[in-house]
Structures are given as structure tokens and as C-alpha cells.
Asks: 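Encoded as C-alpha cells, here's the structure I'll be asking about.
Basis for what follows: all heavy atoms, side chains included, without hydrogens, waters or symmetry-related copies.
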Amino acid sequence: MTTIVEAAWHEMLATAGAPSLPTGSPQLEPFVELVRVAYDEPLLRQLYPWTGMWELHFSRCTESRYTWDIPYIRTLRDGRYCVEGPSRSSLRIAETDSAQAAIAAVVDRLPPHCGPAFIGSAEELDAYDEAQGSRRSFRCDGGGDMSREKL
């Protein structure tokens with residue numbers, strides 16, 4: 001695991017239940033549990049974590065614009081989890097009662113050779129993959145989504 005990825009995970013673990021998050025939200029405790037369970041999964045721990053709107057995302061690169069080729073998990077108001085993606089326009093993959101089941105759904109759908117995270121942006125990762133002769137490249141479409149294109 002790169003130092004950047006490790007630092008991001010440690011910061012996320014330290015701040016997932018921080019006072020800056022909305023107190024009294026029914027999503028807080030399930031979100032904290034989700035972050036802890038995700039960190040315990042070695043395949044996800046080597047990816048760069050990022051969050052927003054009670055969602056936990058995983059990127060194959062460490063800088064924005066992040067990759068959008070891995071499903072993400074949304075914490076629902078009822079304390080359950082929704083696995084979606086990899087893009088916002090993708091269909092819902094699953095709703096689960098446990099963080100463990102949500103994490104398993106993501107791990108089952110990881111693209112081949114998706115870790116460890118590349119130090120840089122999605123565009124830099126794409127250029128690196130092309131230079132290395134990778135068989136598969138993930139390109140930004142301008143809207144934040146990543147589309148798969150065989151080389």
C-alpha cells in the first residue's frame with residue numbers, strides 16, 4: 001500500500017464519526033461501520049478511498065479526477081446499504097442489510113489488476129496504462145464517469 005493511500009484510509013477511519021458530520025443522522029453509525037469494514041478488506045485497502053453524500057468510493061488513482069470503474073456504496077437513511085455503479089448512470093447492484101455484504105458485492109465486481117492505487121489522476125493512469133501496453137484502458141468521458149475501452 002502506498003503511503004498516500006494508507007494516509008487517506010487512516011484519515012477516513014479517524015474522521016468517519018467526527019463531530020463535523022451531521023449529528024443525529026441515521027446514516028452516521030452505518031457509515032462509520034462501512035468505512036471500518038472496507039478498511040478490513042485487503043483488496044479495497046490498496047485503493048484510494050473518497051467519500052461524499054454518505055457514499056464510499058474507491059479509486060485506482062490517488063488524485064482527482066478519480067476513476068469511476070469500481071462500484072461504490074451509499075448508506076441509506078434506514079441504516080442499510082446500496083451498492084451502485086460503477087458510474088452514476090449504472091443500475092443499482094444490490095441493497096444489503098450489512099456492511100460486509102455491501103463490501104463483498106464491490107469486491108466481486110473489481111476490475112482485473114485494479115490495485116494498488118496509481119499515484120496521480122485518472123488521466124495520468126490512463127496514459128500510464130497505454131504506455132505499458134495494457135489491454136484495457138479506463139477513459140474519462142468528461143462527466144466524471146469512466147468508460148471501458150479495449151485497446
Side-chain angles (χ1 to χ4, degrees), residues 1-119 121-122 125-126 129 135-150:
M1 176 180 344
T2 66
T3 304
I4 294 169
V5 172
E6 188 174 345
W9 275 109
H10 286 288
E11 168 132 359
M12 187 170 292
L13 288 165
T15 61
S20 64
L21 294 175
T23 57
S25 171
Q27 292 156 295
L28 182 58
E29 286 185 37
F31 183 75
V32 170
E33 175 70 9
L34 177 64
V35 170
R36 289 183 183 138
V37 172
Y39 180 77
D40 288 341
E41 171 50 59
L43 292 173
L44 296 181
R45 194 169 51 241
Q46 65 183 337
L47 301 173
Y48 189 83
W50 60 281
T51 63
M53 303 183 307
W54 299 114
E55 296 173 352
L56 178 58
H57 296 257
F58 310 95
S59 178
R60 294 185 311 116
C61 64
T62 62
E63 295 176 15
S64 182
R65 298 179 52 166
Y66 301 116
T67 58
W68 278 82
D69 56 348
I70 298 170
Y72 60 94
I73 304 167
R74 188 164 46 97
T75 306
L76 302 174
R77 293 190 64 75
D78 65 2
R80 300 178 72 233
Y81 304 93
C82 181
V83 181
E84 298 178 328
S87 72
R88 293 231 183 258
S89 60
S90 299
L91 297 176
R92 179 173 289 177
I93 294 169
E95 280 192 26
T96 69
D97 292 328
S98 73
Q100 292 84 355
I103 294 299
V106 170
V107 169
D108 287 346
R109 289 163 180 80
L110 289 175
H113 314 292
C114 71
F118 178 84
I119 299 173
S121 68
L125 172 59
D126 190 41
D129 283 346
R135 300 193 67 168
R136 190 175 292 256
S137 178
F138 297 88
R139 300 185 186 278
C140 276
D141 69 2
D145 290 347
M146 301 299 286
S147 58
R148 293 181 186 181
E149 185 175 290
K150 290 203 178 193

Asks: Mind telling me whether H57 and W50 have parallel, tilted or perpendicular rings, with 30° and 60° as the class edges?
Replies: parallel
Asks: For A105 versus V83, what's the shortest heavy-atom pair and its separation?
Replies: CB-CG2, 4.0 Å
Asks: If you round to the nearest 0.5 Å, how far is CD1 of I93 from CG of D108?
Replies: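 Between D108 CG and I93 CD1, I get 10.0 Å after rounding to 0.5 Å.
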Asks: Which atom pair, heavy atoms only, marks the closest approach of S121 to S64?
Replies: CB-O, 3.7 Å
Asks: Are D129 and H113 close enough, and set up right, to give a side chain to side chain contact (heavy atoms under 4.5 Å, CB included), and what steps lead you there?
Replies: CA-CA 11 Å; D129 283 346; H113 314 292; over 6 Å; no
Asks: Using modelled atom types only, decide if a donor and an acceptor are shared between the side chain of W9 and the backbone of L47 within a distance under 3.5 Å.
Replies: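 Yes, because the side chain of W9 sits within donor-acceptor range (under 3.5 Å) of the backbone of L47.
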Asks: T96 side chain to A101 main-chain N or O, any donor-acceptor pair under 3.5 Å?
Replies: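 Such a contact is absent between T96 side chain and A101 backbone.
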Asks: Nearest heavy-atom pair of L76 and C82: which atoms, and what distance?
Replies: CD2-CB, 3.9 Å
Asks: For the pair L110 and I70, evaluate side chain to side chain contact (heavy atoms under 4.5 Å, CB included) and give the outcome as yes or no after the intermediate values.
Replies: CA-CA 6 Å; L110 289 175; I70 298 170; 3.7 Å; yes
Asks: In sequence, state the C-alpha distance, the side-chain angles, and the governing distance for F58 and T67, and then conclude on side chain to side chain contact (heavy atoms under 4.5 Å, CB included).
Replies: CA-CA 8 Å; F58 310 95; T67 58; over 6 Å; no
Asks: Does any part of the side chain of R88, heavy atoms only, come nearer than 4.5 Å to the side chain of W68, both counted from C-beta?
Replies: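 They are in contact (side-chain heavy atoms under 4.5 Å apart), so the answer is yes.
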Asks: Specify the closest pair of heavy atoms between Y72 and L56, including all atoms of both residues, with the distance to one decimal.
Replies: CB-O, 3.3 Å
Asks: Roughly how far, to the nearest 0.5 Å, is CD of E41 from CD of Q46?
Replies: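 One gets 9.0 Å once the value is rounded to the nearest 0.5 Å.
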Asks: May I ask you to decide if Q27's main-chain N or O and S25's side chain share a donor-acceptor pair within less than 3.5 Å?
Replies: yes
Asks: Taking the side chain from R92 and the backbone from E84, do they hold a donor-acceptor pair closer than 3.5 Å?
Replies: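 Pair absent, no side-chain N/O of R92 close to backbone of E84.
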Asks: Set out, in order, the CA-CA distance, both residues' side-chain angles and the distance that settles side chain to side chain contact (heavy atoms under 4.5 Å, CB included) for L34 and I103, then state yes or no.
Replies: CA-CA 8 Å; L34 177 64; I103 294 299; 3.9 Å; yes
Asks: Closest approach of T62 and A117, non-hydrogen atoms and distance?
Replies: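 Here T62 and A117 meet closest at CG2-CB, 4.1 Å.
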Asks: Nearest 0.5 Å, please: how far is OH in Y81 from OG in S98?
Replies: 8.0 Å
Asks: Which pair of non-hydrogen atoms, one from S59 and one from Y66, has the smallest distance, and what is that distance?
Replies: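 The answer is OG-CB, 3.4 Å.
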